[in-house]
Amino acid sequence: MNLTNMMAFLVFPYLALTTFVVGHAYRYIVDPFFWNAKSSEFLEKKNLYPGITLFHWGILLTLLGHAGGLLIPQTLFDMVGIDGQAHLRVAYWSGLVVGAAAFVGSILLLWRRATVKRIQATTTLNDYVTLAGLVFVTGAGLFNVVFGHFYVLDTIAPWIRGIVFFQPNPELMSAVPLSYKIHILSAFALLGFSPFSRLVHIWSAPFTYLLRRHIVFRRRVADASVQYVD
Ligand code: HEM
């Protein structure tokens, strides 16, 4: 077995995933007051909206597409009449739209951080690394969608399932083109970095907001004409 391949596609993914899980748990316990997205909306709105909206729709749908397209085995798609070629066509067109949204959105967010004075003044090196990392990972993914055309369903897909279900087989990655390897390794590096950044906010999506009761902010003014009887 090739040592470089084993380090890159067996040791490194598990190192990144361990850091991801343990790091988030540790940070949640020791640093609860900084567990948030560090919103900058109150400092500047106009340039925030296009970038943040494009980016969030793009990245959330991209993550959903990766989970559905790579973690579900092709045999299950075959059973419902979606063969490998049809699967890849759907992946291509949907990946093009949502991947481009995530890529352009992350560039807009990085550009805002670097150029808008008030945002620049409150931006840390960690914020730049986070956004530059997102630009790189989404850019590399989009590059593969447009120029790659590699058949991933019997190489990368079973490899990532092996990692997730603890039956790793790094050999599956040996014939994969470099541009795909770069996308995968940079994505795992970003996962490992996530607990140390504002990306922790992903785990506190306010879903309960949809279910909670209304909060009444105005006090009901007593009507003097109404007689209250005990
Ligand atoms: C689970 C659903 C998510 C929710 C509810 C959410 C919510 C938010 C909110 C409220 C902000 C602050 C915007 C502001 O400045 O006012 C934000 C910023 C941010 N989010 Fe998310 N987010 C989610 C998922 C994600 C994901 C999956 C990623 C990336 C993998 C991500 C990356 C970012 C980044 C990098 C920023 C900072 C942008 C900047 O200020 O330059 N978010 N998010």
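Counting convention: from 1, in listed order, for ligands and their atoms alike.
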of all protein heavy atoms, closest to atom 14 (C) of ligand 1 is S39 OG, 3.2 Å
ask   = Are the side chains of L48 and L109 in touch, meaning some heavy atoms are under 4.5 Å apart?
value = yes
Q: Indicate whether the side chain of N126 and that of S197 have a donor and an acceptor atom separated by less than 3.5 Å.
A: no
Under 4.0 Å from one or more heavy atoms of L199, ligand 1 contributes atoms 29 (C), 32 (C)
In this structure, atom 11 (C) of ligand 1 is nearest to the protein heavy atom A37 CB, 3.5 Å
Dump the intermediate steps for side-chain hydrogen bond (donor to acceptor under 3.5 Å, both in side chains) on S174 and N5, then the final yes or no. CA-CA 7 Å; S174 46; N5 200 53; 4.7 Å; no
Quick note on ligand 1: atoms under 4.0 Å from a heavy atom of L131 include exactly 35 (C), 41 (O)
message: Would you say CZ of F166 has more than 12 non-hydrogen atoms from neighbouring residues, nucleotides or ligands within 6.0 angstrom?
response: no
Note to self: For H183 and H66, take the angle between the two ring planes, folded into 0 to 90°, and tell me which bin it lands in: parallel under 30, tilted 30 to 60, perpendicular over 60.
What the structure shows: tilted
The atoms of ligand 1 lying under 4.0 Å from a heavy atom of I52, numbered in the order shown, are 13 (C), 18 (C), 38 (C)
If you compare R113, R112, H201 by their heavy atoms, the one closest to atom 40 (O) of ligand 1 turns out to be R113
Go through F9 and E171 one step at a time and tell me if the side-chain contact (heavy atoms from CB on, under 4.5 Å) criterion holds. CA-CA 9 Å; F9 298 107; E171 278 304 301; over 6 Å; no
In this structure, atom 32 (C) of ligand 1 is nearest to the protein heavy atom F55 CE2, 3.3 Å
Atoms of ligand 1 under 4.0 Å from any heavy atom of P206, numbered from 1 in the order shown, are 5 (C)
Nearest non-hydrogen protein atom to atom 36 (C) of ligand 1, with distance, is R198 CD, 4.0 Å
among protein heavy atoms, the one nearest atom 35 (C) of ligand 1 is L134 CD1, 3.6 Å
Counting from 1 in the order shown, the ligand 1 atoms closer than 4.0 Å to a non-hydrogen atom of L48 are 14 (C), 15 (O), 16 (O)
If you scan protein heavy atoms around atom 15 (O) of ligand 1, the nearest is S40 N, 2.8 Å
Next on the checklist: Quiz question: by atom type and distance under 3.5 Å, do the side chains of S40 and R118 form a donor-acceptor pair?
Outcome noted: no
### Task
Evaluate the ring planes of H24 and F20, with Trp represented by its six-membered ring, and classify them as parallel (under 30°), tilted (30 to 60°) or perpendicular (over 60°).
perpendicular
the protein heavy atom lying closest to atom 24 (C) of ligand 1 turns out to be H56 CD2, 3.6 Å
- Side chains of D127 and T130, donor plus acceptor under 3.5 Å: no
